[in-house]
Student: 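Sharing a structure here in structure tokens format.
Just so it is clear: chains get the letters A, B, ... in the order the sequence lines come, proteins before strands, and each one is counted from 1. Just so we're clear, the structure is a prediction, and the values are computed from it rather than from any experiment.
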2 protein chains.
Amino acid sequence: MQQLKTVLSVGEVAKRTGVSVATLHFYEQKGLIHSQRNAGNQRRYSRDVLRRVAIIKVAQRTGIPLEQIGKALSVLPLGQNADQHHWQQMSQQWKAELDSRIAQLTDLREQLSMCIGCGCLSMAHCPLRNPLDKLAAQGTGAHFYPLPGEVLPEENS
Amino acid sequence: MQQLKTVLSVGEVAKRTGVSVATLHFYEQKGLIHSQRNAGNQRRYSRDVLRRVAIIKVAQRTGIPLEQIGKALSVLPLGQNADQHHWQQMSQQWKAELDSRIAQLTDLREQLSMCIGCGCLSMAHCPLRNPLDKLAAQGTGAHFYPLPGEVLPEENS
DNA sequence: TGTTGACCTTAACCTAACCTGAGGTTTTAG
DNA sequence: CTAAAACCTCAGGTTAGGTTAAGGTCAACA
């Protein structure tokens with residue numbers, strides 16, 4: 001049994017990480033991963049790329065866009081192993097975002113549940129009709145979506 | 001006070017729903033909404049379009065793609081009011097999808113929490129390293145992402 | 001009646017996250 | 001040594017969900 005390979009070709013990395021070669025090129029272009037070149041101009045990766053790609057994939061599962069992942073990764077020492085501290089920092093931050101996304105969806109689900117009962121989408125009562133909650137009050141003004149049959153204080157005609 | 005307007009111009013619908021005119025054209029092109037034309041070829045909407053757009057926006061907040069929304073909407077009577085039954089059907093289905101998306105993210109969060117503690121992303125123990133859980137066993141084979149320093153049962157060299 | 005604002009269509013452009021193909025070089029296995 | 005497999009770059013394509021622009025028509029108000 002020999003020593004572990006210390007450098008990997010793009011194909012090996014692809015196989016190991018489960019992403020395509022094209023994707024690795026793409027990630028490199030976006031600055032998410034890095035490589036050295038050999039005499040024949042072929043990419044040679046140090047093993048830390050495996051961890052980086054693993055991190056990328058985890059982060060993507062949380063719904064974080066690549067650009068943001070890139071920023072987080074940029075604090076990792078290049079070509080070195082991410083140390084535990086860095087990883088903890090990142091994952092803690094991502095967990096916070098996950099928390100918030102989950103909270104949003106959970107809110108929505110609750111509203112949806114309520115509205116399944118009433119089936120109304122009624123202007124006056126349905127929170128779903130005014131998703132403007134916190135986002136509102138900055139837009140084009142109050143949006144009013146009257147349902148047919150509702151009598152409204154509408155501009156005449 | 002007069003009768004409610006029964007037809008709406010594209011601009012009115014845009015104002016009321018908060019989406020742009022271009023977006024309404026786009027939705028129409030995608031078959032999500034429908035319109036009549038007046039003598040001068042301008043779009044005239046019946047009021048149910050307001051409800052349709054409201055539904056579209058709610059569904060989008062749950063992360064459902066337009067195409068799928070379109071399918072759901074297609075069961076609504078055209079130019080008529082969505083009845084309570086239809087709406088309940090849709091919202092129930094969407095709630096189910098929301099449930100599943102929330103569950104996925106919650107799983108991920110749990111794993112992330114665990115891994116914040118250990119900070120390892122270790123092959124042997126970290127669930128995050130093998131997101132292949134249920135999705136796996138159909139791909140390119142078991143993906144193994146060894147960390148540097150880990151001794152692996154690797155093909156030699 | 002005129003002019004401005006609202007509409008029309010078609011087509012091109014945008015971001016994200018890749019994928020595909022062409023044309024050419026390098027590496028590797030026999 | 002040679003052929004196939006792997007790699008390279010660069011350009012263009014893809015999907016989703018729109019946005020922007022160009023060039024022309026329609027309608028509402030004074």
Student: Rounded to the Å, how far apart are A:Leu8 CG and D:dA6 P?
Tutor: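 A:Leu8 atom CG is separated from D:dA6 atom P by 16 Å.
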Student: Does the A:Lys57 side chain pair with the main chain of A:Val19, one donor and one acceptor, at a distance under 3.5 Å?
Tutor: no
Student: Nearest-Å distance, CG (A:Asn41) to C1' (C:dT26)?
Tutor: 10 Å
Student: Using atom types as modelled and distance alone, determine if a side-chain donor or acceptor of B:Glu12 lies under 3.5 Å from a backbone N or O of B:Ser9.
Tutor: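 Yes, because the side chain of B:Glu12 sits within donor-acceptor range (under 3.5 Å) of the backbone of B:Ser9.
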Student: Do you know the tightest heavy-atom contact between A:Lys95 and B:Ser113?
Tutor: CE-OG, 2.8 Å
Student: Could you check A:Glu28 against A:Ser35 for side chain to side chain donor-acceptor pair (under 3.5 Å), going step by step and ending with a plain yes or no?
Tutor: CA-CA 8 Å; A:Glu28 181 169 329; A:Ser35 62; 3.1 Å; yes
Student: B:Gln36 CD to C:dC8 P: how many Å, rounded?
Tutor: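 Value for this atom pair: 13 Å.
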Student: Any side-chain N or O of A:Asn38 under 4.0 Å from OP1/OP2 of D:dC7?
Tutor: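 For D:dC7, OP1/OP2 do not have a side-chain N/O of A:Asn38 under 4.0 Å.
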Student: Around atom CD of B:Gln60, are there more than 12 heavy atoms from other residues, nucleotides or ligands closer than 6.0 Å?
Tutor: yes
Student: Rounding to an integer number of Å, can you tell me how far A:Lys71 NZ sits from C:dA16 P?
Tutor: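 Atom-to-atom, A:Lys71 to C:dA16, this comes out as 11 Å.
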Student: Output the rounded distance in Å from CZ (A:Arg44) to C1' (D:dC7).
Tutor: 9 Å
Student: Are any of A:Ser9's side-chain N or O atoms less than 4.0 Å away from OP1 or OP2 of D:dC7?
Tutor: yes
Student: How long is the line joining OH of A:Tyr45 and P of D:dC7, in whole Å?
Tutor: 9 Å
Student: Does C:dT9 have OP1 or OP2 sitting under 4.0 Å from an N or O in the side chain of B:Arg37?
Tutor: yes
Student: Figure out the NZ/C1' separation between A:Lys15 and D:dA5, and round it to whole Å.
Tutor: 10 Å
Student: Under the criterion side-chain contact (heavy atoms from CB on, under 4.5 Å), I'd like the reasoning laid out for B:Ile55 against B:Met90: C-alpha separation, chi angles, the key distance, then a yes or no.
Tutor: CA-CA 9 Å; B:Ile55 291 173; B:Met90 277 193 294; 4.0 Å; yes
Student: Going 5' to 3' through nucleotides 10-23 of chain D, assign each nucleotide B (protein heavy atom under 4.0 Å from a base atom), S (under 4.0 Å only from sugar-phosphate atoms) or - (no protein heavy atom that close).
Tutor: ------SBBSB---
Student: Does A:Arg52 use its side chain to pair, donor to acceptor, with the backbone of A:Leu32 at less than 3.5 Å?
Tutor: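 Pair found, side chain donor or acceptor close to backbone of A:Leu32.
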Student: Check whether any side-chain nitrogen or oxygen of A:Arg43 sits under 4.0 Å from OP1 or OP2 of D:dC7, and answer yes or no.
Tutor: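 For D:dC7, neither OP1 nor OP2 has a side-chain N or O of A:Arg43 closer than 4.0 Å.
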